[in-house]
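Any value given below was found using the heavy atoms of this structure, including those in side chains, with hydrogens, waters and symmetry copies removed. Lettering follows sequence order; numbering is per chain, from 1.
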Amino acid sequence: MELPVLIAKGLIILVIFGITLLIATYSTYAERKVAAFLQDRIGPNRAGPWGLLQPIADAGKMFFKEDFIPSQASKWLFILGPCLAMLTALMSSAVIPFGDSIRFSWDNVNYNVNLQPIEINIGVLYIFGVVSLGVYGIMVGGWASNNKFSLLGAIRAASQNISYEIALGLSLIAILMMTGSLSLRAIIDEQASFFEWNIFTQPLGFVIFLTCAFAECNRTPFDLPECETELVGGYHTEYSSMKLGFYLFAEYINMFVSSAFISALYFGGFHYPFMDLVNGSLENSLGAVAGHNVATAIGFAVFFAKILFFIFFFMWVRWTLPRFRYDQLMNLGWKTFIPLSILNVVVTGAGLLYDFKYSTWLIATVMIVLAVMSMARAPKRQVVPQ
Amino acid sequence: MQLTNRSKQVSNKEMTLAEKMYLPAVISGLAITIRHFFRKKPTIQYPEVKKYLGPVYRGHHVLKRDEQGRERCTACGLCAVACPAEAISMVAAERQKGEEHLYREEKYAAVYEVNMVRCIFCGLCEEACPKQAVYLRHDRMVPVFQERDEFVYGKDKLVEKMDDRYIRPANSEVKATPTEPSLTRAAT
Ligand code: SF4
Ligand code: SF4
């Protein structure tokens with residue numbers, strides 16, 4: 001790599017890393033605000049204007065709490081747990097293409113650098129690999145605590161993550177089949193025109209993917225690794241101070257990455273409707289290079305708007321739905337999502353064979369019709385007067 | 001035994017396919033919560049904004065003076081006896097010559113203290129007082145205190161100022177503590 005490209009890459013990595021951390025930090029604030037608003041409360045509003053300094057106050061509190069390690073715990077693993085969780089969470093954001101590319105010239109040479117920290121053509125595989133390592137953070141933490149309840153929480157996390165990863169992967173395969181590439185950039189570029197966004201071509205896959213992403217992030221309604229009533233807390237029962245902070249923070253980074261992933265895979269990433277027109281007019285009025293850069297910036301902003309929406313969606317769901325029971329969770333994963341995602345793959349494949357992109361609408365339509373029929377046939381539930 | 005008429009018969013019926021698919025229910029749930037998101041919040045920002053809590057609210061203690069500015073309390077100690085939290089303590093003293101304009105009776109409370117940490121604002125002191133000397137203001141809350149030496153309220157904080165006299169509103173619907181007519185109407 002030449003020097004200017006290297007510098008540009010370094011800057012891009014720094015900026016994206018910073019934005020990731022910033023968004024993750026402020027998600028903790030946003031979570032409290034959203035929760036409050038959904039429950040007709042106001043939420044944090046004391047630290048700074050509208051409580052905007054709340055994350056800093058929270059961090060300060062985390063730092064000054066007693067850093068406690070149980071005497072019977074295996075010390076190094078106990079410390080390693082939160083680090084692993086944080087590390088894997090941060091690593092997974094490395095391959096997401098956050099925007100098109102920046103153009104600039106240096107010594108009369110023109111460069112074109114993609115807005116993506118690491119460009120590898122197996123981005124999807126990489127993310128899967130790293131995300132599936134994420135469960136080690138929880139496992140190690142729960143195991144090292146030397147506490148039966150923590151261990152149970154960790155085991156629940158492991159079995160949940162593994163079972164949902166299968167459905168997650170299978171629902172993604174349909175997209176990979178349509179794109180024919182494992183590169184996230186290729187997948188995004190495939191969705192250049194609005195009606196080819198994968199949300200339209202893969203409605204069923206989207207629902208499965210979204211649900212599994214929730215389960216992967218251990219967010220409600222799938223936050224089984226923690227449960228006050230059954231597990232006296234969960235895998236992090238023994239954790240305090242910043243080590244607990246790392247676990248919680250990793251969850252928010254995971255949420256950010258999942259949101260980025262969802263918007264990249266199903267909502268066209270940095271594409272938006274009428275993008276060609278906007279880009280064309282920008283390049284006409286500002287010149288090819290500047291116009292392209294401005295267009296890239298707009299795409300970047302659009303992508304982050306999508307990400308923020310999905311982060312909001314994660315919170316919205318969290319404060320709406322109750323937690324699943326563990327056997328229901330397993331049933332849903334193994335008996336519903338895995339068969340459905342296999343069906344999705346088969347139908348998509350059949351569609352591809354006959355060159356028809358919207359084939360999975362077939363399943364969706366059949367399911368809707370069946371549901372409506374069953375509703376019509378079902379006897380009205382009666383309230384028996386007493 | 002039926003306690004309310006809102007009870008619903010529990011049904012163990014098989015769910016229909018639409019119900020089993022969860023999604024419609026999930027979406028309607030999401031719709032409900034998002035409506036709350038945009039709703040006006042009923043929160044009152046307490047220390048900054050205070051709400052009028054009605055004429056029966058029991059707040060800040062006040063030791064009344066009479067029309068001529070004499071303290072009504074005669075240090076009989078009935079309020080202290082009535083107080084379930086043992087929050088009131090006092091030291092009685094005898095009125096000297098020339099102090100008739102300060103105290104109404106021959107005996108008065110030289111020290112009168114209410115421990116606001118112990119007080120449960122039950123209002124029994126107000127009921128017990130034969131002289132209509134102690135009241136719990138309906139219109140003023142005890143301010144928040146942060147220091148430990150702030151919570152014992154002495155006469156400096158309790159005895160009312162003549163330019164800031166406490167008046168219990170004469171609301172016909174609210175039966176305030178039976179008091180002297182002058183007090184309920186307008187203790188001028
Ligand atoms: S209000 Fe009740 S608790 Fe408080 S001083 Fe009076 S009698 Fe005691
Ligand atoms: S306030 Fe009333 S009850 Fe208490 S000592 Fe004075 S006169 Fe007696």
B/Y166 and side-chain hydrogen bond (donor to acceptor under 3.5 Å, both in side chains): which single residue from B/R137, B/H60, B/H138, B/K64 fits?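 It is B/H138; the other options fail the test.
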Non-hydrogen atoms of chain B under 4.5 Å away: do they reach the side chain of A/V207, the backbone, both or neither? side chain
Where does A/L321 contact chain B at under 4.5 Å (heavy atoms): side chain, backbone, both or neither? side chain
In terms of heavy-atom contacts, does NZ of B/K161 have more than 12 from other residues, nucleotides or ligands at under 6.0 Å?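 Enclosed.
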Do the numbers put B/K41 on top of the ring of A/F37, so that NZ or CZ is under 6.0 Å from the six-membered ring centre and no more than 45° off the axis?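 Positive - B/K41 is close enough to the ring of A/F37 and near enough to its axis.
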Do A/Y164 and A/F222 have ring centroids that are under 6.0 Å from one another?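 Yes, the ring centres sit under 6.0 Å apart.
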Atom group of B/I32 that falls short of 4.5 Å from chain A, counting heavy atoms: neither
